[in-house]
Amino acid sequence: MKNTLLIVILSAALSAIGGAQAWAQDKPQEKPAAVTAQPDAGKGQAADPLPEVQLTREILFKLLSADLAFQRGYWKAAYNTTMSVAKQTRDPRIARRAAEMAAAVQRPGEALAAVRLWRELAPHSDEAARYFLGFVLLSGELTEAKPVLARQLKEARPQDRAIVMFQIQRLLAGVTDKEKAFSLLEELLKPYLNTPEAHIALAQGAYNKGDRERATQESQRALAIKPDSELAALTLAQASSDADHAEKVLADFIAAHPQARDVRIAYARVLIAQKKYDVARHEFEALLELQPKDLVSLYSLGLLSAQANDARNAERYLAAYVEAAGSQKSVEREQTQVLLLLAQLADERGDIDTALKWLEQIEQQPGNQAAYVGARIKRAQIAAKRGEIGSARKILSETEAQDEAGQVQLIMAHGQLLRDANQLPQAMAVLEAGLKQYPKNTNLLYDYAMVAEKLDRIVEMETSLRLIIALEPNNFHAYNALGYSLADRNLRLLEAQELIEHALKLAPEDAFILDSMGWVQFRLGKIDEAEKLLRRALGKRGDAEIAVHLGEVLWHKGQQDEARKLWRAAAAKDPGNDALKSTLKRLKVAP
């Protein structure tokens with residue numbers, strides 16, 4: 001698929017489903033992150049009685065004056081007064097208010113003092129216990145945390161204890177001193193080492209402090225107790241030192257437990273991360289056989305099919321995803337992406353009505369401003385594709401974006417639309433107007449530079465690209481664009497080479513930068529080096545312009561048959577390519 005929008009969407013989406021670093025953390029996160037004290041089964045939560053204190057004028061005055069002082073920025077006086085009243089009245093609600101004041105101004109020491117008083121006055125309060133744990137762990141006072149956490153584990157119902165273990169592990173993961181935190185976790189979990197969850201929590205704690213060997217050992221102990229534990233297998237894979245070993249761990253588990261959904265998904269993510277798309281696709285298909293409406297599988301198969309240029313299956317899977325997802329808020333972002341891809345796919349096969357139907361669904365979603373802007377841009381592109389440039393521009397001008405990102409996106413889309421229609425002066429005017437509004441937006445500056453280059457306005461192009469470099473010193477696109485433009489015009493070749501070398505240091509495997517380096521070497525007369533670099537670039541990305549450059553190098557080396565072959569392939573891929581047309585014309589080669 002040639003459309004840039006589709007490539008960008010697929011790249012981002014595949015990266016999302018390919019993120020394989022947090023599998024073992026996924027399951028515990030499904031539960032609340034805060035540890036809560038839970039009474040034994042059959043017992044009721046004891047209520048903390050409030051003190052019988054008369055609200056005197058003095059107390060009321062102190063509380064009101066403390067709140068007023070806090071609002072005016074005098075936090076310390078407000079805090080001290082509130083703590084004084086809390087101690088005087090023994091009212092836990094006032095101690096809580098003092099804690100909130102200290103927390104609001106990021107004073108953990110004062111907050112902890114208030115929370116200690118709150119707990120003293122309300123010893124059965126789960127909320128006070130949560131605040132206490134949070135501030136104690138933040139301050140690194142683990143000795144104080146130990147009895148509270150031990151009690152919570154002991155008092156948890158058997159069916160809830162595993163959740164509490166994972167919650168405690170997560171709390172301790174945020175402690176600065178990782179060794180002390182892990183030692184406390186070990187002590188807390190000693191009574192429960194006959195359960196797989198205790199070993200999984202220890203494995204995750206060990207992984208958090210960088211001890212892969214211990215994480216592996218604990219994961220294996222969990223699997224010895226419960227061989228079908230998906231979470232133990234995921235944790236073991238996470239502890240692996242390399243992707244190949246993680247892949248084997250997950251594959252072996254699936255072979256023994258074919259119904260393991262979470263492990264199969266993690267396995268497929270590893271495969272995607274390693275660019276083994278066909279094998280990953282097979283895994284998602286196997287999962288879909290087990291669960292025909294599994295959203296993860298439908299979504300992933302749709303993206304993988306689109307990435308493989310299998311448009312028919314991409315539409316089939318993605319349409320099934322939309323139907324299965326329904327109105328689930330939890331998948332709103334993915335659903336919007338899917339609708340945009342479906343519109344793109346329908347547009348590419350010429351079914352404009354279906355494309356507009358998918359876009360309309362996005363536009364009708366309330367509150368999703370970014371998705372709305374994206375859908376409107378796509379609608380404008382469809383109109384432009386029909387030759388209705390005026391209508392396309394009207395769609396964009398009538399679209400309102402609420403933030404800078406959306407407004408810039410609309411300006412860039414408007415400029416691109418005019419560039420595609422070969423209305424370069426108009427595109428320049430649109431981008432100039434945008435830069436008056438957002439003069440340091442590097443995306444606008446880059447697009448402006450590219451239009452200036454097309455119009456042969458080299459001064460404006462170079463000024464814009466150098467401003468990008470000043471604003472973003474690691475922006476390799478700007479270095480490469482400036483270096484290539486100079487080389488293509490046979491200007492300041494040593495400077496061009498230096499710019500491209502810098503870009504290559506920032507992105508050593510980028511095919512387009514390798515192409516630029518090959519082209520500047522050709523301009524410098526280093527033909528063999530140019531050929532080597534251009535072949536490498538073409539091997540990484542079969543772009544028509546790279547093929548055109550390599551063809552010209554081969555033509556000058558006398559390898560004209562191979563050059564013609566490359567140019568024919570480029571013409572088949574991109575018949576309107578400007579570089580191809582100008583090269584054939586300059587070399588007087590019949591197309």
Side-chain angles (χ1 to χ4, degrees), residues 21-45 126-127 129-130 132-134 136-137 142 145-175 178 181-209 211-212 214-240 249-250 253-254 256-257 259-266 330:
Q21 295 305 310
W23 327 304
Q25 301 294 343
D26 287 346
K27 271 203 168 180
Q29 282 185 311
E30 294 170 5
K31 304 298 181 182
V35 177
T36 57
Q38 299 188 34
D40 291 332
K43 292 183 181 179
Q45 174 79 41
D126 287 346
E127 189 177 13
R130 287 197 298 272
F132 175 74
L133 278 174
V136 162
L137 294 174
L142 301 188
K146 181 180 175 181
V148 180
L149 296 172
R151 178 176 62 83
Q152 290 180 341
L153 273 170
K154 184 178 179 181
E155 293 182 353
R157 295 177 300 176
Q159 63 268 36
D160 296 329
R161 188 167 287 126
I163 297 170
V164 178
M165 289 180 191
F166 292 130
Q167 291 173 337
I168 289 172
Q169 185 273 316
R170 284 200 161 279
L171 278 172
L172 293 175
V175 174
K178 303 300 181 188
F182 186 73
S183 295
L184 176 56
L185 184 64
E186 282 185 303
E187 289 184 52
L188 290 168
L189 296 181
K190 270 182 186 176
Y192 312 103
L193 292 179
N194 60 331
T195 67
E197 292 82 8
H199 291 286
I200 293 169
L202 285 170
Q204 293 181 0
Y207 181 81
N208 184 60
K209 74 183 184 79
D211 189 346
R212 288 179 181 270
R214 178 67 184 275
T216 298
Q217 292 169 358
E218 294 295 343
S219 301
Q220 289 169 339
R221 286 168 186 153
L223 284 167
I225 297 171
K226 194 172 190 296
D228 63 345
S229 170
E230 291 193 57
L231 188 51
L234 291 169
T235 308
L236 179 59
Q238 183 188 42
S240 299
V249 166
L250 297 171
F253 189 88
I254 291 168
H257 309 282
Q259 305 287 327
R261 176 184 183 273
D262 292 340
V263 174
R264 194 178 290 276
I265 289 173
S330 60

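Computed from a predicted structure; not experimentally measured.
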CD of Gln169 to CZ of Phe182, rounded to nearest 0.5 Å, is 9.5 Å
Can you measure from CD (Glu218) to CG (Asp211) and round to the nearest 0.5 angstrom?
9.5 Å
Nearest 0.5 angstrom please: Met165 CE to Leu202 CG, how far?
9.0 Å
Please step through side chain to side chain contact (heavy atoms under 4.5 Å, CB included) for the pair Gln204 and Asn208, ending with a clear verdict.
CA-CA 6 Å; Gln204 293 181 0; Asn208 184 60; over 6 Å; no
Apply side chain to side chain contact (heavy atoms under 4.5 Å, CB included) to Phe253 and Leu223, showing your working.
CA-CA 10 Å; Phe253 189 88; Leu223 284 167; 4.1 Å; yes
Check the pair His257, Val263 against side chain to side chain contact (heavy atoms under 4.5 Å, CB included), reporting the backbone distance first and the verdict last.
CA-CA 9 Å; His257 309 282; Val263 174; over 6 Å; no
Excluding sequence neighbours, so at least two apart, what forms side chain to side chain donor-acceptor pair (under 3.5 Å) with Gln259?
none
So, for Arg212 and Gln238, which heavy atoms are closest and what is the spacing to 0.1 Å?
NH1-O, 3.4 Å
Could you tell me which non-hydrogen atom of Ala215 sits nearest to which non-hydrogen atom of Ala206, and how far apart they are?
N-CB, 3.7 Å
Sidechain N-carboxylate O distance under 4.0 Å for Lys190, Glu186:
no
Could you check Gln152 against Leu133 for side chain to side chain contact (heavy atoms under 4.5 Å, CB included), going step by step and ending with a plain yes or no?
CA-CA 11 Å; Gln152 290 180 341; Leu133 278 174; 3.8 Å; yes
Ion pair present between Arg130 and Glu127, side-chain N to carboxylate O less than 4.0 angstrom?
no
From the options Leu250, Leu231, Val249, select the one residue that forms a side chain to side chain contact (heavy atoms under 4.5 Å, CB included) with Leu236.
Val249
From Arg151 atom CZ to Leu188 atom CG, the distance as rounded to the nearest 0.5 Å:
13.0 Å
Output yes when Asp262 and Arg264 qualify as a salt bridge under the 4.0 Å nitrogen-oxygen rule, no when they do not.
no
Which residues pass the side chain to side chain donor-acceptor pair (under 3.5 Å) test with Thr195, sequence neighbours left out?
none
When you compare the side chain of Leu189 with that of Ile168, does any pair of heavy atoms fall below 4.5 Å?
no
Note: Leu153 and Arg161 closest approach over all heavy atoms is O-NE, 2.8 Å
Side chain proximity check, Arg214 to Gln217, heavy atoms < 4.5 angstrom:
yes
Side chains of His199 and Tyr192 in contact at under 4.5 Å (non-hydrogen atoms):
no
Can you name the closest pair of heavy atoms from Ile200 and Thr235 and give their distance?
CG2-OG1, 3.7 Å
Straight-line distance of Lys178 NZ to Leu185 CG, nearest 0.5 Å
12.0 Å
For the residue pair Ala156 and Val164, what are the closest heavy atoms and their distance?
CB-CG2, 4.0 Å
